[in-house]
A.B. asks: 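Take this structure, written in structure tokens, and hold onto it; I'll ask about it next.
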Amino acid sequence: RPDSPMETNAVSPLAEPAAMPRETPPLPSLPPLNSQDSRKFRMLEEILVSRNDNDPRLDRELKGLSPELKAALRAKYQQLPAEDRNGRGTIAFLVGREAAQPEDFEFLGRILSEPACLSLADCTREPPAVAAEELHLEGTTEVTLAYPQLVALKWLETDRPLEGPAREAALRALESAKRSNNPIVSRKAAEIEKKLSRH
């Protein structure tokens, strides 16, 4: 879709298999929301279920996010399985698009600090060896696995006036990306840093 998070020479994620069950830390609870924010949050949940990151409501309705709604989105991100690359990327897109406060960039930094997702079936396990006839899909899969991180990087690359704590948090997020164990993410972060240093 126009101005979608994956305009970074990437493609929209493929449908992922269900995640393998495993022990996870306690999930964060959602903060209380007023009626308008509750309506927007329910809308987001509908979009996440549909897995349609071209849903026009993302641009038409889910803008002008309040601090409370951003906090709810950050909590929802943590509630999604790590293997839900599309859902997590969608939330990174919404928060990153309006990133202006330190907590917004700290959230992007946490996304960029996540260990590389190794498989769409289970982020913690290497997938089986790829058959020769499927080698042409490897590049697409690598981008899909890094989808939330590439979305976060898109908003660090966007020119926007930042000062004080927000700027410092954005720079820390970029440093997190440079240290990523995902080569696609660390390489892209280095390119962004080089581009910003020329301005």
Side-chain angles (χ1 to χ4, degrees), residues 1-8 10-19 21-114 117 120 123 144-158 160 162 165-166 169-170 172-173 176-177:
R1 69 186 181 82
D3 192 33
S4 83
M6 293 312 293
E7 284 183 356
T8 52
V11 296
S12 182
L14 306 173
E16 297 108 8
R22 60 175 181 272
E23 290 186 10
T24 56
L27 296 174
S29 58
L30 299 175
L33 299 173
N34 62 32
S35 59
Q36 182 178 12
D37 284 346
S38 293
R39 182 183 65 82
K40 289 184 176 181
F41 188 82
R42 287 194 300 271
M43 191 180 302
L44 170 67
E45 291 191 307
E46 291 172 5
I47 293 171
L48 294 178
V49 170
S50 73
R51 305 185 60 78
N52 179 16
D53 60 0
N54 288 311
D55 192 306
R57 292 178 294 178
L58 289 168
D59 286 328
R60 190 178 63 227
E61 304 283 348
L62 293 174
K63 282 188 170 181
L65 307 180
S66 69
E68 294 78 15
L69 183 52
K70 283 184 182 179
L73 296 187
R74 293 194 295 267
K76 181 66 178 180
Y77 181 96
Q78 295 300 325
Q79 291 181 353
L80 295 176
E83 293 77 13
D84 187 355
R85 310 313 284 166
N86 188 78
R88 286 188 162 207
T90 298
I91 292 175
F93 171 75
L94 292 172
V95 175
R97 178 168 62 185
E98 299 184 14
Q101 302 302 318
E103 54 267 30
D104 299 329
F105 292 103
E106 288 164 3
F107 173 63
L108 298 181
R110 288 195 295 273
I111 294 173
L112 293 165
S113 298
E114 293 172 359
C117 182
L120 298 175
C123 278
T144 303
L145 291 171
Y147 184 47
Q149 288 72 37
L150 292 175
V151 173
L153 282 170
K154 172 185 173 69
W155 298 119
L156 292 180
E157 188 175 15
T158 302
R160 67 181 82 188
L162 292 175
R172 286 196 299 271
S176 296

A.B. asks: Is the backbone N or O of Leu48 less than 3.5 Å from a side-chain atom of Arg51, with the two atoms forming a donor-acceptor pair by type?
C.D. replies: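 Side chain of Arg51 to backbone of Leu48: no pair is present.
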
A.B. asks: Shortest non-hydrogen contact from Asp59 to Arg97?
C.D. replies: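 Result for this residue pair: OD1-NH1, 2.7 Å.
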
A.B. asks: To check you understand the geometry: which heavy-atom pair defines the closest contact between Leu108 and Ala99, and what is its length?
C.D. replies: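 Taking Leu108 first and Ala99 second, the nearest heavy atoms are CD1-CB, 4.4 Å.
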
A.B. asks: Can you measure from CG (Leu33) to CG (Leu69) and round to the nearest 0.5 angstrom?
C.D. replies: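 If I round to the nearest 0.5 Å, the distance is 6.0 Å.
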
A.B. asks: What is the minimum heavy-atom distance between Ala170 and Leu156, and which atoms define it?
C.D. replies: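 The pair with the smallest heavy-atom distance is O-CD2, 3.9 Å.
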
A.B. asks: Between Glu98 and Leu65, is there a donor-acceptor pair closer than 3.5 Å when you use the side chain of the first and the backbone of the second?
C.D. replies: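 Looks like yes, one N/O pair under 3.5 Å.
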
A.B. asks: May I ask you to say whether Asp37 pairs ionically with Arg42, meaning some side-chain N is under 4.0 Å from a carboxylate O?
C.D. replies: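 Salt bridge flag = no for Arg42 with Asp37.
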
A.B. asks: What's the separation between atom OG in Ser113 and atom CD in Glu106, rounded to the nearest 0.5 Å?
C.D. replies: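 It is 11.0 Å, given to the nearest 0.5 Å.
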
A.B. asks: Please report the interatomic distance CD1(Ile47) to OG1(Thr90), rounded to the nearest 0.5 Å.
C.D. replies: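 Between Ile47 CD1 and Thr90 OG1, I get 8.0 Å after rounding to 0.5 Å.
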
A.B. asks: Quick one: closest heavy-atom pair of Gly87 and Leu80, and the distance?
C.D. replies: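 In this case the closest contact between Gly87 and Leu80 is C-CD1, 3.6 Å.
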
A.B. asks: For Ala100 versus Ala166, what's the shortest heavy-atom pair and its separation?
C.D. replies: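 Of all heavy-atom pairs spanning Ala100 and Ala166, the closest is O-CB, 3.3 Å.
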
A.B. asks: Indicate yes or no: does Arg39 engage Glu61 in a salt bridge with an N to O separation below 4.0 Å.
C.D. replies: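 A salt bridge is present here (some side-chain N lies under 4.0 Å from a carboxylate O).
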
A.B. asks: Hey, are the side chains of Leu162 and Phe105 touching, using non-hydrogen atoms and a 4.5 Å cut-off?
C.D. replies: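 A side-chain contact under 4.5 Å exists here.
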
A.B. asks: For side-chain contact (heavy atoms from CB on, under 4.5 Å), just list the numbers for Glu45 and Lys76, CA-CA rounded to whole Å, side-chain angles, deciding distance to a tenth of an Å, and then say yes or no.
C.D. replies: CA-CA 9 Å; Glu45 291 191 307; Lys76 181 66 178 180; 3.3 Å; yes

A.B. asks: Looking only at non-hydrogen atoms, find the nearest pair between Phe107 and Val95 and report the distance.
C.D. replies: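 Heavy atoms of Phe107 and Val95 come nearest at CD2-CG1, 3.7 Å.
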
A.B. asks: Kindly write out the residues that satisfy salt bridge (Lys or Arg N to Asp or Glu O under 4.0 Å) with Glu46, not counting sequence neighbours, or none if the list is empty.
C.D. replies: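 Testing Glu46 for salt bridge (Lys or Arg N to Asp or Glu O under 4.0 Å), a comparison that skips the adjacent residues, returns Arg57.
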
A.B. asks: Should Arg74 and Asp104 be marked as a side-chain contact (heavy atoms from CB on, under 4.5 Å) after you check the CA-CA gap, both sets of side-chain angles, and the distance that decides it?
C.D. replies: CA-CA 9 Å; Arg74 293 194 295 267; Asp104 299 329; 3.8 Å; yes

A.B. asks: For the residue pair Pro67 and Gln101, establish whether any side-chain heavy-atom pair is separated by less than 4.5 Å.
C.D. replies: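 The answer is no, as the side chains (C-beta and beyond) never meet within the 4.5 Å cut-off.
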
A.B. asks: Checking Glu83 side chain against Cys123 main chain: does a donor-acceptor pair fall under 3.5 Å?
C.D. replies: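 Checked: pair present.
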
A.B. asks: Side chains of Arg88 and Gln78 only: does a donor on one sit below 3.5 Å from an acceptor on the other?
C.D. replies: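 There is no such pair (donor and acceptor under 3.5 Å, judged by atom type) between the side chains of Arg88 and Gln78.
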
A.B. asks: Under the side-chain contact (heavy atoms from CB on, under 4.5 Å) criterion, do Lys40 and Leu44 qualify, and how do the steps go?
C.D. replies: CA-CA 6 Å; Lys40 289 184 176 181; Leu44 170 67; over 6 Å; no

A.B. asks: Does a side chain donor of either Tyr77 or Asp84 reach within less than 3.5 Å of an acceptor in the other side chain?
C.D. replies: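 No, no side-chain donor-acceptor contact under 3.5 Å.
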
A.B. asks: Check this for me, if you would: do Glu103 and Arg110 make a salt bridge, where the nitrogen-to-carboxylate-oxygen distance has to be below 4.0 angstrom?
C.D. replies: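 Looking at Arg110 together with Glu103, the answer is no, because their closest N to O distance does not fall below 4.0 Å.
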
A.B. asks: If only atom types and distance count, is the side chain of Gln149 paired as donor or acceptor with the main-chain N or O of Ile111 below 3.5 Å?
C.D. replies: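 Checked: pair present.
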
A.B. asks: Roughly how far, to the nearest 0.5 Å, is CG of Leu145 from CG of Leu120?
C.D. replies: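 Answer rounded to 0.5 Å: 4.5 Å.
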
A.B. asks: Would you please test Phe41 and Leu62 for side-chain contact (heavy atoms from CB on, under 4.5 Å) and show each step?
C.D. replies: CA-CA 9 Å; Phe41 188 82; Leu62 293 174; over 6 Å; no

